Protein chains: 2
Amino acid sequence: MPNPPITLDRSSPIPLYYQVAEQIERAIVSGDIAPGERIENEVTMAAGLGLSRPTMRQAIQVLVDKGMLVRRRGVGTQVVHGKIRRSVELTSLFDDLSAAGQQPRTEVLELVRTEADDEVAQELQVEQGSAVWSLRRLRLVADKPIALMHNYLPAETVALEDVDLTTTGLYAHLRHLGIHMSVARQRIGARRVEAVEARLLDEKRGAPLLTMQRTSYDNSGRAVEYGTHAYRPEHYAFELTLVDR
Amino acid sequence: MPNPPITLDRSSPIPLYYQVAEQIERAIVSGDIAPGERIENEVTMAAGLGLSRPTMRQAIQVLVDKGMLVRRRGVGTQVVHGKIRRSVELTSLFDDLSAAGQQPRTEVLELVRTEADDEVAQELQVEQGSAVWSLRRLRLVADKPIALMHNYLPAETVALEDVDLTTTGLYAHLRHLGIHMSVARQRIGARRVEAVEARLLDEKRGAPLLTMQRTSYDNSGRAVEYGTHAYRPEHYAFELTLVDR
DNA sequence: TAGTGGTCTAGACCACAAT
DNA sequence: TTGTGGTCTAGACCACTAC
């Protein structure tokens with residue numbers, strides 16, 4: 001019955017359940033709790049920490065949602081085997097790479113105000129022909145191109161005039177504008193590279209590309225970004241964790 | 001303040017929060033609650049249904065996790081815009097396609113007991129050289145091949161001798177054996193088709209393929225399946241919904 | 001039978017947004 | 001100031017698993 005020493009700071013603005021979840025996660029990642037091992041039961045842990053059981057459950061739920069713990073009624077809560085991989089999250093590629101310790105570089109190929117065509121209007125839930133930004137960027141890591149990104153944003157909602165998008169990620173800029181992304185719907189596929197892309201991405205004719213289309217919604221449910229992106233599969237893949245609900 | 005009529009059956013074994021979530025979801029999908037519209041606040045809804053607030057919150061949380069609702073403190077809970085797509089879930093391709101109304105067909109190309117090599121042993125957390133099933137299948141829809149699937153399963157844990165995998169999905173069989181999948185970790189990429197694959201999948205030389213590697217874990221945290229799959233991108237793509245946590 | 005997680009109640013106080 | 005969701009308490013009863 002392993003029980004990592006957990007400390008609580010009740011004066012902190014960080015929720016108690018989150019403090020607990022973080023410390024259990026650290027114990028799992030560091031190996032203090034081995035894969036397959038059972039952790040203490042909810043009631044005992046709650047009592048030991050001076051927490052109510054619902055709060056303790058909420059802490060554990062965080063890690064269940066991350067795919068690190070599994071619960072079985074009548075049995076207990078165990079650590080899932082296998083290495084924990086960083087999963088796809090609601091961030092931009094720039095943030096993704098930065099977090100992975102890489103140093104991404106960005107070339108802005110195009111940034112223009114244009115009119116929404118049928119597809120874009122549909123995805124962004126705006127009138128066809130209304131003003132949208134069209135943003136094309138090339139993402140490089142260690143001077144190797146890895147992705148070609150094309151984003152559309154409603155010009156009404158988002159100001160992109162005075163931003164240096166070579167140093168700032170798009171999502172970081174949106175956060176700066178007070179726009180908080182809550183939901184994204186993605187479609188991941190593959191296709192052959194086109195001639196123009198091949199030149200930009202330093203790929204050969206007919207090479208396979210990994211593609212991703214995404215529409216993102218802010219915390220009021222409005223669509224704020226639609227993008228179609230292409231990745232070099234030798235240099236990028238999507239990792240995800242699915243959890244049974 | 002739209003409020004779909006919700007009925008509760010307290011004698012049902014289905015949890016109350018789930019009954020509520022289902023009925024709100026139906027109201028959203030059917031359009032009774034429009035995208036962007038706010039639903040009633042938690043406290044009022046709970047009172048109206050004779051539920052406690054935590055139970056009402058749990059119901060709403062289900063739909064937030066599905067990316068259908070967004071909550072904002074001080075504001076309320078709103079319906080997310082855009083069409084709701086069926087997302088990648090913890091099921092097999094067979095189940096996926098069946099649910100989508102298709103009628104998948106399966107050809108078993110190979111089913112043999114063999115020894116785990118380095119990679120497979122690593123993924124399944126078994127000793128190198130221990131007995132594993134190697135299962136190769138071709139999935140077809142409307143007589144068109146759409147995916148080539150190669151799975152490995154620990155022979156100790158899983159009985160595959162007397163199954164007709166042409167009519168039963170792998171995951172369906174595992175459920176039948178009392179194995180409940182809880183977590184899966186996936187990696188999605190792309191590459192060129194190989195010669196043998198091209199013949200089986202009816203693709204041209206050098207065509208792009210969408211690839212997926214997956215390790216699945218049951219509710220005790222053990223790895224029970226490792227698979228490397230290849231999909232024809234013209235006929236299949238992965239859809240997913242991400243939610244900010 | 002004992003121990004575990006799953007569900008549910010009936011409140012409380014707080015932080016944040018809109019007015 | 002008012003209304004909203006976010007967090008937290010201190011219990012209760014039940015369903016399932018393992019022994």
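This structure is a prediction, so every number in the text was calculated from the model and none was measured. The sequence lines fix the lettering, A, B, ..., with proteins before strands; numbering per chain opens at 1.
Residue B:Asn41 places its side chain closer to D:dT4 than to any other of D:dT4, C:dT9, D:dA18. The side chain of B:Tyr17 lies closest to C:dT7 when the candidates are C:dT7, C:dT9, D:dT9. When each of C:dG5, D:dG5, D:dC8 is scored by its nearest atom to the side-chain atoms of A:Leu16, the top-ranked nucleotide is D:dC8. Distance from the side chain of B:Ser52 is smallest for C:dA10 among the nucleotides D:dA18, C:dA10, D:dG6.
Side-chain contact, A:Gln78 with A:Arg72: a donor N or O sits under 3.5 Å from an acceptor N or O.
If you take CZ of A:Arg73 and P of D:dA18, they are 13 Å apart, rounded to a whole angstrom. In this structure, A:Glu40 places its CD atom 14 Å from P of C:dG3, rounding to the nearest Å. For the pair B:Tyr18 OH and C:dT7 C1', the computed distance is 15 Å after rounding to whole Å. Rounding to whole angstrom units, CG of residue A:Leu8 and C1' of D:dT7 are separated by 14 Å. Put simply, CD1 on B:Ile14 is 18 Å from P on C:dG6, counting in whole angstrom units. Distance A:Met45 CE to C:dG3 C1': 17 Å, rounded to the nearest Å. Here C:dT7 presents its C1' atom at 11 Å from CD of A:Glu42, a figure rounded to the nearest Å. For the pair A:Gln58 CD and D:dC8 P, the interatomic distance rounds to 7 Å; values are reported in whole Å.
Distances shown here put a side-chain N or O of B:Arg57 below 4.0 Å from the OP1 or OP2 atom of D:dG6.
Using a 4.0 Å heavy-atom cutoff across all strands shown, B:Pro54 reaches at least one base atom of the nucleic acid. Using a 4.0 Å heavy-atom criterion, one finds that A:Arg72 contacts the sugar-phosphate atoms exclusively.
A parallel orientation is assigned to the rings of A:His176 and A:His173, their planes being inclined by less than 30° (bins at 30° and 60°).
You'll find a donor-acceptor pair under 3.5 Å spanning the side chain of B:Arg53 and the base of D:dG6, going by distance alone.
You'll find the side chain of A:Glu225 stays beyond 4.5 Å of the side chain of A:Tyr217, heavy atoms only.
Ion pair A:Arg214/A:Glu123 not flagged as a salt bridge, since none of the NZ, NE, NH1 or NH2 atoms sits closer than 4.0 Å to an Asp/Glu carboxylate oxygen. Checked for salt-bridge contact, A:Arg222 and A:Glu156 miss the test: no charged N lies under 4.0 Å from a carboxylate O.
DNA chain D is contacted by both B:Gly74 and A:Gly74; B:Gly74 maps to the nucleotide lying nearer its 5′ end (nearest heavy atom per residue). Both A:Thr55 and B:Thr44 lie close to DNA chain D; mapped to their nearest nucleotides by heavy-atom distance, the more 5′-ward contact belongs to B:Thr44.
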